[in-house]
Amino acid sequence: MPSLNVSFTEAELEGVRVAAAAEGKSLKQYLHDLGVREMQRRQFVAGATAWADRLREEFDEAFPDEVPPPRHDGAAAA
């Protein structure tokens, strides 16, 4: 497996060391797990968004008073 060099400022590195120690992990294991967790988070968000998109029309039909008005300024609804 290829190695990877990552640069941190002294303050950033100290923060990462503290976080790793708080989880009882080595710096290497902590950084590995952090990357894996981020990939899993992105997969979860994508799946949840797809699930919500599939159900949106059904929900809008079942609860017509809850459908937000369309926005015409190109901004997403809050």
ask   = Which pairs with one or both residues in residues 5-22 pass salt bridge (charged side-chain N to carboxylate O under 4.0 Å, His left out), sequence neighbours excluded?
value = none

Partner set under side-chain hydrogen bond (donor to acceptor under 3.5 Å, both in side chains) for [X], not counting sequence neighbours:
X: Arg56; result: Asp53
X: Glu38; result: Arg41, Arg42
X: Glu23; result: Lys25

Cluster companions of [X] among Ile, Leu, Val, Met, Phe, Trp, Tyr (side-chain spacing under 4.5 Å):
X: Leu55; answer: Trp51
X: Leu13; answer: Leu4, Val6, Phe8, Val16, Leu27, Tyr30, Leu31, Leu34
X: Met39; answer: Val36

Residues in ring pair (Phe, Tyr, Trp, His ring centres under 6.0 Å) contact with Phe63, at least two apart in sequence or another chain =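 Phe63 satisfies ring pair (Phe, Tyr, Trp, His ring centres under 6.0 Å) with Phe59 only.
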
note = For Ala20 and Ser26, the nearest pair of non-hydrogen atoms, with its separation, is CB-O, 4.1 Å

request  = Just grab all the side-chain hydrogen bond (donor to acceptor under 3.5 Å, both in side chains) pairs involving residues 57-67, residues at least two apart or on different chains.
outcome  = none

